[in-house]
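Input: a single structure, listed below in structure tokens.
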Amino acid sequence: MIKVTDIAYVRFRAPDLDEMEKFLLEFGMVRAERSSKALFMRGTDALPFGHVTEPGEPGFIGLGFYAESVADLEKLAGEHGMSPSESDAPGGGLRLRFTDPNGFDVDVVAGQQMPAALPVERRLIHNDGEERPRRGQPLRVAPGPSQVKRLGHCVINVRDFRESEAWYKSRFGLITSDEIEIAPGAPIGAFLRCDRGATHVDHHTLFPVGTGTPGFNHAAFEVANFDDLMAGREVLAQSGRRHEWGVGRHILGSQIFDYWRDPWGHTVEHWTDGDLFNNQEPPRTVGIDQLMGNQWGPPAPPTMGA
């Protein structure tokens, strides 16, 4: 078993790459590369891409993770009788492609050439009740889309939670932050994070939820800050995009969130200000009320996750 370092990207199919690119630009991403075979979109962080769309009938294809090194990738390949292949995606490098128990493609990548980070325009200084560092200057939030930094996590609906949990943990070293029960002793899913030892990482990187029917739930992209999230919300609303849920603050993970649907109904999330855990944080078991509840904001709609 190796320990992946983060989620790398999500992959979709859509019949119109122009329309998908238009939406993702409004959502706050930047084109990394485009051909007749695929559209690759990135954020401001120094990462090759976080969202891939290939031509075809609309749907979710799968996701990718970063291995810490080519050596780890080769170790993983050897454990499963596989050989890495050269990637033709932005950044190049090597790739292994698995199929998980639900039929989703799951890639592990290493050895990419990382691009330069892109400038973050909304680097804002905020005053609050205790700390007031902004003095002698007004705060002005420039209009325009949010600035997506990177992909943060993916939630997938799975046939059998325990089966999927074991599959992902045994290959990629993911560990549990919060396990969700619909009743005492009846787990339905878990927020899984990367295990990077003493290094703090996002509260969750993958969340398999046992709905009985495999499918895509949502993918979440970190944005620069709260004002950045709200500015981008205005752009999406004025463009007539379909809003799903938000703005609010989750209980589990603590993120401020705002969910939207792409032109084919895939749910994508803007988030900021999430929790960071390291290996000193033990796993917890909580009820579904904490999963679907929030600390402030509107209640989850019945369509969330469908």
- Query: So does D105 pair up with R11, basic N to acidic O under 4.0 Å?
  - Reply: yes
- In plain terms, say whether R150 and E222 are close enough for a salt bridge, that is, a side-chain N and a carboxylate O under 4.0 Å apart. yes
Do any side-chain atoms of residues 115-122 form donor-acceptor pairs under 3.5 angstrom with protein atoms, and if so which ones, sequence neighbours left out?
residue : atom : partner : partner atom : Å
R122    : NE   : A142    : O            : 3.0
R122    : NH1  : P145    : O            : 2.9
R122    : NH1  : D228    : OD1          : 2.5
R122    : NH2  : A142    : O            : 2.7
R122    : NH2  : G144    : O            : 2.9
R122    : NH2  : P145    : O            : 3.4

Answer with yes or no whether the side chains of [Y] and [X] bring together a donor and an acceptor at under 3.5 Å.
X    : Y    : value
R233 : H243 : yes
K22  : S239 : no
D258 : W260 : yes
R193 : T205 : no
D275 : S254 : yes

With sequence neighbours left out, what residues match [X] under side chain to side chain contact (heavy atoms under 4.5 Å, CB included)?
X    : answer
P55  : L17
R134 : I125, N127, Q137, L139
E86  : L94
M304 : N217, H218, E244, W245, Y259, T267, P301

- Message: Using the rule that Ile, Leu, Val, Met, Phe, Trp and Tyr join whenever any side-chain heavy atoms are under 4.5 Å apart, tell me whether V158 and I182 fall into a single cluster.
- Response: no
Using the salt bridge (charged side-chain N to carboxylate O under 4.0 Å, His left out) criterion, which residues pair with [X]? Sequence neighbours excluded.
X    : answer
D128 : none
D16  : none
D227 : none
R95  : none

More than 12 heavy atoms of other residues, nucleotides or ligands under 6.0 Å from [atom1] of [X]: is that the case?
X    : atom1 : value
R261 : CZ    : yes
E68  : CD    : no
Q295 : CD    : yes

- What ring-ring contact (aromatic ring centres under 6.0 Å, His included) pairs are there with at least one residue in residues 19-38, not counting sequence neighbours? F23-F27, F27-F221, F27-H270
- Apart from V52 itself, its cluster of hydrophobic side chains linked below 4.5 Å comprises Y9, F40, L47, F49, Y66, V109, M114
Exercise answer: donor-acceptor pairs, residues 281-293 side-chain atoms, under 3.5 Å, sequence neighbours excluded:
residue : atom : partner : partner atom : Å
R284    : NE   : D178    : OD1          : 2.9
R284    : NH2  : D178    : OD1          : 3.1
R284    : NH2  : D178    : OD2          : 3.0

- Message: F104 and ring-ring contact (aromatic ring centres under 6.0 Å, His included): which single residue from W167, F98, F12, F60 fits?
- Response: F60
- Task: I would like to know whether I156 and F207 meet side chain to side chain contact (heavy atoms under 4.5 Å, CB included); could you show each step before the answer?
- Result: CA-CA 6 Å; I156 52 174; F207 179 24; over 6 Å; no
- Query: Given the rule in the side chain to side chain contact (heavy atoms under 4.5 Å, CB included) test, do E21 and M41 qualify, once you have shown the distances and angles that lead to the verdict?
  - Reply: CA-CA 8 Å; E21 183 170 8; M41 301 292 284; 4.3 Å; yes
- Message: Ignoring hydrogens, what is the shortest heavy-atom contact between G152 and D202? Give both atom names and the distance.
- Response: O-OD2, 4.0 Å
- Exercise: identify the closest heavy-atom pair between A67 and D72: CB-CB, 4.4 Å
- Query: Does the side chain of I7 come within less than 4.5 Å of L63's, by heavy atoms?
  - Reply: yes
- Item | Side chains of V201 and D6 in contact at under 4.5 Å (non-hydrogen atoms) | no
